[in-house]
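Quick notes on the structure that follows.
Note: hydrogens, waters and symmetry copies are ignored here, and every other heavy atom, side chains too, is used. Letters A, B, ... mirror the listed sequences (proteins, then strands); counts begin at 1. The model shown is predicted, which means the values in this text are computed figures rather than measured ones.
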Number of protein chains: 2
Amino acid sequence: MAFQFDSFDRPFAAAIDRLRSVSLRPTRQRLVICRQLFDAGDRHVTAETLHAELVGQRLRVSLATVYNTLHQFTKAGLLREVVVDGAKTYFDTNISAHHHFFDIERGDLIDIPGEGIAVNGLPTAPDGLEIDRVDVVIRIRRAARG
Amino acid sequence: MAFQFDSFDRPFAAAIDRLRSVSLRPTRQRLVICRQLFDAGDRHVTAETLHAELVGQRLRVSLATVYNTLHQFTKAGLLREVVVDGAKTYFDTNISAHHHFFDIERGDLIDIPGEGIAVNGLPTAPDGLEIDRVDVVIRIRRAARG
DNA sequence: GTGTTTGCAAAGTGTTTGCAATTTA
DNA sequence: TAAATTGCAAACACTTTGCAAACAC
């Protein structure tokens, strides 16, 4: 039996299942991160914001482990990396096809459902290359004075 | 008369004009960077690649000045910043409306003319916010084994 | 001359890594 | 107990900054 949890502990059971489904050992750290990410709808985090949340809840996980885990989750297909800012790396728990608003000033990411946007006239990839994915980022900011 | 150039020196004259048009003093460093960027069609550079090019041509400019100058040019509207990679900042000499292919493996940016792609069904920006711009990045990579 | 620009080196930010100690199976 | 994982601290890559010297006008 893993840790202090038993099968009656639903949130942990779900996290354990999720990790097992991608062949990652359900360690204390991964479970804690898993719950923080997936127990509450779609989320956008950076390593630093996620680490701060965990620390704020007295859940001790090192920043290095948060970084490593976010990448493991991404490789496993549980997360998706979103590039919108040169400085930091964002991770999105919503792995379905969709695009983003990015609030330049606040650094906030907001999902736009996949059906909301259609990209037409996509060129074919240059010779020998293929399309991996198409990202649409709508940069938004505080409206100019009216 | 600035430096060793005179008005018969066309490339420098053009660079001087370009800088003057955005109220930037035509210093030796800015002129050299200006020519490197704009004398040869559309280009995508990072501070490091541009600096390496200049140094390779014995044109001495410090990396700090390259960084500063790229940002000045961007603010002045001569360049556009393109976010496609978490690690480095790309600058594009093509400031017209267009989108990009990004070769994930090689880190190459390729322009797609603006008319080539249409984004339909753009949602309106959340309350109090307005759209600054819409970026479409098509991530490409070596085609899978055939 | 006076204000601007440059270059250096130091500092900063976000991220990755080597490795001993710990934990999981 | 063997293999995987963690946390620390050091290393990293890229970028920004403070300030004295050099430069443009």
Let's test your reading of the pairing rules: Watson-Crick or G-U wobble, both distances under 3.5 Å, then write DNA chain D as a dot-bracket string with ( ), [ ], | and dots. |||||||||||||||||||||||||
Distance check needed: [N] [atom2] versus [X] [atom1], whole Å only.
X        : N       : atom1 : atom2 : answer
Arg25(B) : dG3(C)  : CZ    : P     : 11 Å
Leu31(A) : dT23(C) : CG    : P     : 15 Å
Lys88(B) : dG14(C) : NZ    : C1'   : 15 Å
Glu48(A) : dT13(C) : CD    : P     : 10 Å
Leu19(A) : dT24(C) : CG    : C1'   : 13 Å
Asp85(A) : dT15(D) : CG    : P     : 12 Å
Arg28(B) : dC23(D) : CZ    : P     : 9 Å
Ile33(A) : dT5(D)  : CD1   : P     : 13 Å

Under a single-linkage rule joining Ile, Leu, Val, Met, Phe, Trp and Tyr whose side-chain heavy atoms are separated by less than 4.5 Å, which residues share a cluster with Val83(B)? Val83(A)
Can you list, by chain and residue number, the hydrophobic cluster partners of Ile140(B) when the side-chain cut-off is 4.5 Å?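 Members alongside Ile140(B): Phe101(A), Ile110(A), Ile112(A), Ile117(A), Val119(A), Leu122(A), Leu129(A), Ile131(A), Val134(A), Val136(A), Ile138(A), Ile140(A), Phe101(B), Ile110(B), Ile112(B), Ile117(B), Val119(B), Leu122(B), Leu129(B), Ile131(B), Val134(B), Val136(B), Ile138(B).
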Does atom CZ of Arg133(A) have more than 12 heavy-atom neighbours from other groups under 6.0 Å away?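 Yes, the 6.0 Å shell around CZ holds more than 12 heavy atoms from other groups.
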Under 4.0 angstrom between Thr27(B) side-chain N/O and dT6(C) OP1 or OP2: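 Answer yes for this pair, as a side-chain N or O of Thr27(B) is under 4.0 Å from OP1 or OP2.
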Give a yes/no on whether any side-chain N or O of Gln29(B) is located under 4.0 angstrom from OP1 or OP2 of dC23(D).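 Looking at the OP1 and OP2 atoms of dC23(D), neither is under 4.0 Å from any side-chain N or O of Gln29(B).
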Qualifying ring-ring contact (aromatic ring centres under 6.0 Å, His included) pairs with a residue from [range], counting only residues at least two apart or across chains:
range                     : result
residues 52-76 of chain B : His71(B)-Phe91(B)
residues 39-61 of chain B : His44(B)-His100(B)
residues 19-41 of chain A : none

Check against side chain to side chain contact (heavy atoms under 4.5 Å, CB included), Val45(A) and Leu79(A): CA-CA 10 Å; Val45(A) 302; Leu79(A) 290 177; 6.0 Å; no
Pairs touching residues 43-53 of chain A that satisfy salt bridge (charged side-chain N to carboxylate O under 4.0 Å, His left out), sequence neighbours left out: Arg43(A)-Glu53(A)
Please, which pairs that meet salt bridge (charged side-chain N to carboxylate O under 4.0 Å, His left out) have at least one residue in residues 70-88 of chain A, sequence neighbours excluded?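 Only Arg80(A)-Asp135(A) qualify under salt bridge (charged side-chain N to carboxylate O under 4.0 Å, His left out).
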Considering every strand and a 4.0 Å limit on heavy-atom distances, what is the contact class for Thr89(B): base, sugar-phosphate, or nothing? sugar-phosphate
Heavy atoms within less than 4.0 Å of DNA chain C: which residues of residues 51-74 of chain A have one? Give them sorted by number.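 The answer is Ala64(A), Tyr67(A), Asn68(A), His71(A).
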